[in-house]
Amino acid sequence: MNIYNTLTGRKEILKPLEPDHVRMYVCGVTVYDDCHLGHARSAIVFDVLKRYLVHQGYRVTYVRNFTDIDDKIIKRADQETRTWTEVVEQYIKAYYRDMDRLHVVIPDVEPRATDHMSEIIMLIADLLEKGVAYHVQGDVFYEVAAYQAYGRLSGRKEAELLAGARVEVDERKKHPMDFALWKASKPGEPSWESPWGKGRPGWHIECSAMSIRHLGRTFDIHGGGKDLIFPHHENEIAQSCSYTGQEFAQYWVHNGFVTIDQEKMSKSLGNFFTIAEIFDKASWKESVTAEALRYFLLSTHYRSDLNFSDHALSAAKSALDNLYDLFQRLEEDGACQEVDGVQALDAHLIKFDRAFEQSMDDDLNTPKTLAAFQRLRADVNKLGQVGLSKEGKTTTLERFRTCGKVLGLFQLPSKEWEFSSTLLEGSVNIDSSGSAGLETGQEDDEWIKQQIEKRYNARERKDFATADTIRQELASKGIVLEDRADGTTRWKR
RNA sequence: GGCGCCGUACCCAAGUGGCUAAGGGAGCAGUCUGCAAAACUGCGAUUCAGCGGUUCGAACCCGCUCGGCGCCUCCA
């Protein structure tokens with residue numbers, strides 16, 4: 001497959017160092033707060049990348065870290081007068097809850113910074129020994145001037161990197177861009193013993209230590225949000241390459257932001273939605289919300305920013321409604337005669353397979369992949385008008401499910417899908433004997449169910465006047481009824 | 001100030017030198033339906049922010065202008 005490499009600024013053919021094995025490291029989260037949609041996007045992008053690589057037949061070792069020691073964590077703990085470890089445990093748990101709801105695959109390794117102190121210290125000691133870092137009063141800084149290629153990822157030249165325009169420069173640094181490898185701790189702060197006194201690691205060094213430990217000195221893919229390109233990833237490259245004397249990651253992959261009103265979603269702007277919040281606010285059940293969110297996030301190419309809104313989410317939901325509607329019809333034995341168009345169907349499936357592969361190979365062009373699914377939906381629907389054999393239906397559904405799985409989509413039992421454009425929704429199944437049943441979520445639901453039963457009985461008697469009155473009455477309350485081929489009535493509002 | 005990204009129909013969004021500018025949402029009309037809904041069919045950008053240039057040929061390349069955003073500070 002082709003993948004865009006930030007390091008070279010172009011799409012490149014992915015050639016893992018070991019032919020059948022892809023090793024990738026993705027910067028995870030700092031666990032000091034609930035994660036928001038932006039974090040979800042990053043998680044889902046790399047989730048899909050992993051799934052696709054596996055689909056391609058690669059063995060994939062996927063490492064995603066937790067930053068579990070950091071100024072923000074300490075600050076949070078202070079504010080809430082509890083220990084930093086309590087903060088960490090709470091938000092790791094919350095992170096798992098969110099990832100689980102989003103059906104994000106669990107990485108193969110999820111290292112924590114604090115479990116790698118000996119590696120971190122060893123790495124810093126080596127950098128000091130090599131003379132590319134210096135020790136000042138318990139702090140250790142990496143000397144950017146020592147690394148010739150500094151700036152190659154972000155495309156910044158050293159002369160341009162005149163810091164101080166926006167930050168106060170630590171006087172003890174030799175150069176404003178030098179960054180901390182080790183920070184001396186103040187009394188009362190969490191600390192680890194080191195040759196330079198008690199302290200904690202700087203932010204960048206942990207990722208070098210953990211990626212090298214779990215993936216080796218040079219590995220294939222290093223990913224994260226594009227806000228990490230500078231300085232985080234630039235610094236990782238400098239320190240890692242200084243340490244190993246060899247290339248760090250071959251391919252650097254960065255996802256775009258989630259925006260609100262075209263502005264980056266961020267803690268500091270306060271314009272963010274946490275994942276938990278979105279699940280709470282959505283009127284659909286969790287699995288449906290998760291799928292709508294995923295569809296929405298994948299409907300824009302991963303490198304572009306994408307703007308979140310209720311409208312955008314419900315557009316994604318509507319697109320999925322059409323797909324799940326087809327899935328239901330494919331599962332029903334229903335009215336279709338066995339006319340078939342085996343050849344026509346095969347042609348469509350072959351066309352789809354090619355489109356799927358091509359779009360995914362092209363730098364994970366998921367919007368194009370979704371278009372391919374929609375195209376297949378339309379083609380199959382057309383054939384369905386004529387009639388599809390049982391076998392054809394099964395094959396088609398299979399294809400949606402197996403290829404959809406690569407995107408983490410279309411895995412819900414089709415009966416569990418909720419068809420509604422907004423608000424809440426339910427469905428009442430009335431079988432031929434007229435008995436009805438399904439869960440209620442709303443006090444109104446029981447009444448609606450009764451109306452549907454009354455209407456059903458009226459229709460049995462061919463009393464269409466009464467049936468229509470009931471339909472209209474419900475319609476006036478914004479409730480739409482759909483009589484389905486299998487004799488059930490579905491409603492939505 | 002430095003570096004970079006983006007501007008495609010009512011909305012979202014592919015396409016980045018050459019067949020009719022994908023796909024989705026919303027909308028309108030028709031087929032189907034006892035009536036509906038769903039599905040299907042048809043309609044919808046002579047045009048890709050604007051202006052110049054390169055080219056036989058540009059939404060795609062170059063330049064300028066306008067507009068939006070991002071990184072340079074913790075950030076997915």
Side-chain angles (χ1 to χ4, degrees), chain A residues 9 26-30 32 35-46 67 70-72 75 151 154-157 159-163 165-168 177 203 223-232 234 254-259 261-269 272 295-296 299-301 303-307 309 311-312 314-323 325-326 328-329 355 359 362 365-375 377-378 380-386 419 421 459 462-465 467-468 471-472 474-475 480-485 489-492:
Chain A
V26 175
C27 288
V29 291
T30 301
Y32 74 104
C35 55
H36 59 58
L37 239 201
H39 301 109
R41 184 179 192 197
S42 183
I44 284 175
V45 164
F46 291 102
T67 297
D70 163 272
D71 292 354
K72 290 191 294 290
K75 191 176 158 199
S154 55
R156 284 154 219 252
K157 292 171 188 67
E160 291 159 358
L161 297 172
L162 288 174
R166 296 179 63 184
V167 211
E168 257 180 64
M177 286 318 295
W203 176 37
K226 70 177 181 185
D227 45 359
L228 298 181
I229 295 171
F230 191 89
H232 184 53
E234 196 71 73
H254 295 99
N255 63 274
F257 301 133
V258 175
T259 60
D261 295 329
Q262 321 306 329
E263 283 190 316
K264 181 186 175 186
M265 181 181 284
S266 73
K267 289 279 160 64
S268 44
L269 281 170
F272 61 90
Y295 192 100
F296 161 69
S299 66
T300 296
H301 184 84
R303 279 191 284 123
S304 304
D305 292 345
L306 102 157
N307 200 53
S309 65
H311 183 257
S314 57
K317 170 65 169 56
S318 296
L320 279 165
D321 282 345
N322 295 331
L323 288 158
D325 206 295
L326 170 64
Q328 287 198 350
R329 278 179 278 120
S359 57
D362 182 17
N365 193 336
T366 54
K368 215 170 178 178
T369 308
L370 293 177
F373 278 112
Q374 291 289 357
R375 186 59 188 249
R377 175 189 63 82
V380 170
N381 269 330
K382 259 172 237 179
L383 284 181
Q385 296 289 104
V386 192
F419 291 89
S421 47
R459 289 177 67 219
K462 303 268 186 235
D463 178 5
F464 296 121
D468 285 353
R471 179 192 284 288
Q472 275 154 28
L474 286 166
V480 181
L481 301 184
E482 177 188 344
D483 299 323
R484 313 198 65 247
T489 294
R490 187 151 79 199
W491 64 273
K492 45 186 160 183

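Chain letters run A, B, ... following the sequence lines, proteins first, then strands; residues in each count from 1.
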Whole-Å C1' distance, B:C60 and B:G1: 31 Å
How long is the span from the CG atom in A:Leu474 to the CG atom in A:Leu481, to the nearest 0.5 Å? 5.0 Å
Within this structure, what is the CD1-to-C1' distance between A:Ile229 and B:G4, rounded to whole angstrom? 9 Å
I'd like to know if A:Asn365 reaches the base of B:G15 with its side chain, counting only an N/O donor and acceptor under 3.5 Å. no
Choosing from B:A76, B:G34, B:G24, which nucleotide comes nearest the side chain of A:Ala319? B:G24
Nearest nucleotide by nearest heavy atom, which residue falls closer to the 5' end of RNA chain B, A:Ser304 or A:Lys267? A:Ser304
For the side chain of A:Arg41 and the base of B:A76, is some donor closer than 3.5 Å to an acceptor across the two? no
Go through A:His36 and A:Val258 one step at a time and tell me if the side chain to side chain contact (heavy atoms under 4.5 Å, CB included) criterion holds. CA-CA 10 Å; A:His36 59 58; A:Val258 175; over 6 Å; no
For nucleotides B:G7 and B:G50, find the distance between their C1' atoms and express it as a whole number of Å. 11 Å
Can a side-chain donor-acceptor contact be found between A:Thr30 and A:Asp70 if the only test is distance below 3.5 angstrom? no
A:Ser304 side chain to A:Thr300 backbone, donor-acceptor under 3.5 Å: no
Rounding to an integer number of angstrom, what distance separates B:C69 and B:A49 when you compare their C1' atoms? 15 Å
Exercise: do A:Ser42 and A:Asn255 side chains pair donor with acceptor under 3.5 Å: yes
Filtered N/O pairs between nucleotides 67-70 of chain B and protein, under 3.5 Å:
| unit_1 | atom_1 | unit_2 | atom_2 | d |
| --- | --- | --- | --- | --- |
| B:G70 | OP1 | A:Lys264 | N | 3.4 |

Is there a side-chain polar atom (N or O) of A:Asn381 under 4.0 Å from OP1 or OP2 of B:C40? yes
Check every strand shown and say whether A:Val45 touches a base, only sugar-phosphate, or nothing at a heavy-atom separation below 4.0 Å. nothing
When A:His301 and A:Asp468 are each assigned the nearest nucleotide of RNA chain B, the 5'-most assignment goes to A:His301
What integer number of Å spans the P atoms of B:A14 and B:C32? 39 Å
Separation of atom CD in A:Glu482 from atom P in B:G34, rounded to whole Å: 15 Å
Atom CG of A:Leu320 to atom P of B:G24: distance rounded to whole Å? 13 Å
Choosing from B:A14, B:C71, B:C35, which nucleotide comes nearest the side chain of A:Phe230? B:C71
Which one, B:A39, B:C74, B:G23, comes nearest to the side chain of A:Gln374? B:G23
Under a 3.5 Å distance rule, please check whether A:Arg459 uses its side chain to pair with a backbone N or O of A:Ala467 as donor and acceptor. no
A:Asp483 CG to B:A38 P, in whole Å, measures 12 Å
Quote, to the nearest angstrom, the P distance that separates B:U20 from B:A58. 14 Å
Between B:G24, B:A76, B:A37, spot the one nearest the side chain of A:Leu228, thanks. B:A76
Give a yes or no on whether a salt bridge exists between A:Asp71 and A:Lys75, defined as a side-chain N under 4.0 angstrom from a carboxylate O. no
Quick one: pull up CZ in A:Phe419 and CG in A:Asp325 and give me the separation to the nearest 0.5 Å. 4.5 Å
Round to a whole Å and report the spacing from CG of A:Leu383 to C1' of B:C40. 12 Å
Under 4.0 Å between a side-chain nitrogen and a carboxylate oxygen: does that hold for A:Arg471 and A:Asp483? yes
How far does the P atom of B:C72 sit from the matching atom of B:C62, given to the nearest Å? 27 Å
Contact class for A:Arg303 vs. all strands (heavy atom < 4.0 Å): base, sugar-phosphate, or nothing? nothing
Residues which pass side-chain contact (heavy atoms from CB on, under 4.5 Å) with A:Ala312, listed by chain and number, not counting sequence neighbours: A:Phe296, A:Ser309
Considering residues at least two apart in sequence or located in another chain, which fulfil the side-chain contact (heavy atoms from CB on, under 4.5 Å) criterion with A:Ala319? A:Tyr295, A:Gln374
Taking side-chain contact (heavy atoms from CB on, under 4.5 Å) as the test, write out the residues that go with A:Ser266, two or more places apart. A:Ser268, A:Leu269, A:Asn271
How would you label the contact of A:Asp325 with the nucleic acid (heavy atoms, under 4.0 Å): base, sugar-phosphate, or nothing? sugar-phosphate
Ranges pairing with ranges for RNA chain B, where each run has three or more Watson-Crick or G-U pairs under 3.5 Å: B:1-7 with B:66-72, B:10-12 with B:23-25, B:27-31 with B:39-43, B:49-53 with B:61-65
Step by step, would you call A:Val29 with A:Thr67 a side chain to side chain contact (heavy atoms under 4.5 Å, CB included)? CA-CA 6 Å; A:Val29 291; A:Thr67 297; over 6 Å; no
Out of B:A36, B:A38, B:A76, which nucleotide sits closest to the side chain of A:Arg329? B:A38
Please work out if A:Gly256 contacts a base, only the sugar-phosphate, or nothing of the nucleic acid, heavy-atom cut-off 4.0 Å. base
Tabulated below should be each protein N or O lying under 3.5 Å from an N or O of nucleotides 19-22 of chain B; please produce it.
none

Once you apply a heavy-atom cut-off of 4.0 Å, does A:Gly224 come out as touching a base, just sugar-phosphate, or nothing? sugar-phosphate
Categorize A:His254 for me: base, sugar-phosphate, or nothing, with a 4.0 angstrom heavy-atom threshold over every strand shown. nothing
Whole angstrom value for the distance that separates P of B:A76 from CE of A:Met265: 13 Å
In plain terms, say whether A:Lys226 and A:Asp305 are close enough for a salt bridge, that is, a side-chain N and a carboxylate O under 4.0 Å apart. yes
Could you measure between the two P atoms, the one in B:C51 and the one in B:U8, and give it in whole Å? 16 Å
At under 4.0 Å, does any side-chain N or O of A:Asn322 touch on OP1 or OP2 of B:A39? yes
Quote, to the nearest angstrom, the P distance that separates B:G2 from B:C64. 13 Å
d(CG, A:Asn307; C1', B:C5) in whole Å: 16 Å
A:His232 NE2 to B:C74 P, straight-line distance once rounded to whole Å: 11 Å
Quick check: are there more than 12 heavy atoms from other residues, nucleotides or ligands sitting under 6.0 Å from NZ of A:Lys267? yes
